[in-house]
Amino acid sequence: MDNARARHQDYTAERDRLLALWERSVAGSGGPLAGAILDPAPLPTGWCGQVQLVPGEHHIGDVRDAEDFIAATYGLQRGAVVVEDSRTGTADTAFVWAFHTVSAADHHRHTPMTTLDVHGRADAPASTVAESGELKHLADWAGKHRFVWDQVRAGEHRHVDVDRVVHRLQRLRGGILDLLPRTAPGQVRAVLEDAGVTREHLPDDLADLAGLPPLR
């Protein structure tokens with residue numbers, strides 16, 4: 001119990017430190033987001049938190065413009081802060097991720113996409129059964145990934161947009177992982193195969209999860 005209490009005290013002390021810096025430098029009268037309220041949560045990789053802006057005074061674009069300022073305030077490297085829409089999706093709120101390393105921020109920016117319309121669902125959890133629109137998303141993403149991958153393999157372009165290849169693979173990966181638990185056995189595999197995706201188009205772990213057959 002004493003160890004648990006000490007850990008909780010360490011957590012709250014770090015949260016208090018984050019808040020004090022924010023209120024003094026970022027949300028203070030001379031800061032770029034005067035009056036903004038931060039609700040932070042310390043993380044092993046840094047911290048995150050929702051920012052409530054003063055309605056009519058600032059919007060989420062101002063928070064994005066302040067990314068480098070926030071990083072400098074917390075002694076972080078430039079590029080280590082990521083600003084996203086908040087859970088409410090309103091213009092006067094934002095969600096901030098601040099990482100100890102730039103690589104962690106870069107990884108976060110490339111997080112695979114979900115097939116769900118997250119903001120459209122508000123606080124509603126994902127349905128236990130995949131919706132038809134999600135399956136259409138998956139089929140579309142699968143076809144686009146196969147197209148660009150086949151172009152790369154065929155050497156049809158001297159200059160390959162690697163970022164686009166990676167983005168499409170990550171997007172497809174997110175869709176597969178999200179839908180596998182919420183579809184009938186073999187349904188994801190059928191969508192992929194209908195789009196022309198075979199085992200050669202995917203990493204082995206993803207192909208195994210989707211149940212794609214071995215190459216002949």
- [ ] Starting from the C-alpha separation in whole Å, work towards a yes-or-no answer on salt bridge (charged side-chain N to carboxylate O under 4.0 Å, His left out) for E14 and R17.
- [x] CA-CA 5 Å; E14 175 61 9; R17 184 188 74 85; 2.9 Å; yes

TODO: Considering non-hydrogen atoms only, spot the tightest contact between A36 and W22 and give its length.
DONE: O-NE1, 3.1 Å

Open item on the list: Tell me whether V148 shares a hydrophobic cluster with V166, the cluster being built from Ile, Leu, Val, Met, Phe, Trp, Tyr side chains joined at under 4.5 Å.
Closed with: yes

Task: Main-chain N/O of H107 paired to H110 side chain as donor or acceptor, under 3.5 Å - done: no

Open item on the list: Can you give me the closest heavy-atom contact between P42 and L18, atom names plus distance?
Closed with: CG-CD1, 4.1 Å

TODO: Report yes or no: does Q50 contribute a side-chain atom to a donor-acceptor pair with the main-chain N or O of T93 at less than 3.5 Å?
DONE: no

Open item on the list: Using the rule that Ile, Leu, Val, Met, Phe, Trp and Tyr join whenever any side-chain heavy atoms are under 4.5 Å apart, tell me whether W97 and V83 fall into a single cluster.
Closed with: no

Open item on the list: Show the nearest heavy-atom pair for residues P203 and R173, with the distance to one decimal.
Closed with: CG-NH1, 4.2 Å

- [ ] State, to 0.1 Å, how close F95 and C48 come at their nearest heavy-atom pair, and which atoms those are.
- [x] CE2-CB, 3.7 Å

Task: E134 vs E131 side-chain heavy atoms within contact, under 4.5 Å - done: yes

Open item on the list: Hydrophobic clusters here meaning ILVMFWY residues chained together by side-chain heavy-atom distances under 4.5 Å, can you tell me if L38 and I70 are in one?
Closed with: yes

Task: 4.5 Å side-chain heavy-atom contact, P213 and R189 - done: yes

Task: Nearest-0.5 Å distance that lies between atom CG in L33 and atom NE2 in H59 - done: 10.5 Å

Task: Inter-residue atom distance R153.CZ - E200.CD, 0.5 Å rounding - done: 5.0 Å

Task: Audit row: T198, L215, side-chain contact (heavy atoms from CB on, under 4.5 Å) steps and yes/no - done: CA-CA 8 Å; T198 67; L215 295 173; 4.2 Å; yes

Task: Donor-acceptor pair, side chain of R15 and main chain of P40, under 3.5 angstrom - done: yes

Task: Atom CZ of F147 with >12 non-hydrogen neighbours under 6.0 angstrom - done: no

Task: Co-membership, hydrophobic cluster, residues L76 and L43, 4.5 Å side-chain - done: no

Open item on the list: Between the side chains of D178 and R182, is the shortest nitrogen-to-carboxylate-oxygen separation below 4.0 Å, so that they form an ion pair?
Closed with: no

Task: Distance, nearest 0.5 Å, that separates CG of D163 from NE2 of H167 - done: 8.0 Å

Open item on the list: Rounded at 0.5 Å granularity, tell me how far CD1 in I176 sits from CG in L202.
Closed with: 5.0 Å

Task: Check: H201 main-chain N/O paired with H145 side-chain donor or acceptor under 3.5 Å - done: yes

Task: Within-4.5 Å side-chain heavy-atom neighbours: L21 and Y74 - done: yes

Task: Side chains of I60 and D85 in contact at under 4.5 Å (non-hydrogen atoms) - done: yes

- [ ] Walk me through it: do H58 and D92 pass the test side-chain contact (heavy atoms from CB on, under 4.5 Å)?
- [x] CA-CA 7 Å; H58 296 101; D92 63 354; over 6 Å; no

Task: Side-chain heavy-atom pair L172, L138 within 4.5 angstrom cut-off - done: yes

Open item on the list: Could you check whether any side-chain heavy atom of R199 comes within less than 4.5 Å of a side-chain heavy atom of L206, counting everything from C-beta outward?
Closed with: no

Task: Chi angles and distances behind the salt bridge (charged side-chain N to carboxylate O under 4.0 Å, His left out) call for K136, D140 - done: CA-CA 6 Å; K136 290 179 181 178; D140 179 59; over 6 Å; no

Open item on the list: Has R168 got a side-chain atom pairing as donor or acceptor with K144's backbone, closer than 3.5 angstrom?
Closed with: yes

TODO: Quick one: pull up CZ in R7 and OG1 in T12 and give me the separation to the nearest 0.5 Å.
DONE: 13.0 Å

Task: Any side-chain heavy-atom pair of Q187 and L180 under 4.5 Å - done: no

Open item on the list: Any non-hydrogen side-chain atom of L135 less than 4.5 Å from a side-chain atom of L179?
Closed with: yes

Open item on the list: For W141 and H137, I'd like to know if the aromatic rings sit close, meaning centre-to-centre distance below 6.0 Å.
Closed with: yes

Task: CD on E193 to CG on L212, rounded to 0.5 Å - done: 6.0 Å

- [ ] Give a yes-or-no answer on whether the side chains of H108 and E84 include a donor-acceptor pair shorter than 3.5 Å.
- [x] yes

Open item on the list: Quick check: is V197 connected to V188 through a chain of hydrophobic side chains (ILVMFWY, heavy atoms under 4.5 Å apart)?
Closed with: yes

TODO: Looking only at non-hydrogen atoms, find the nearest pair between Q77 and V102 and report the distance.
DONE: OE1-CG2, 3.1 Å

Open item on the list: To check you understand the geometry: which heavy-atom pair defines the closest contact between V63 and A94, and what is its length?
Closed with: CG2-CB, 4.0 Å

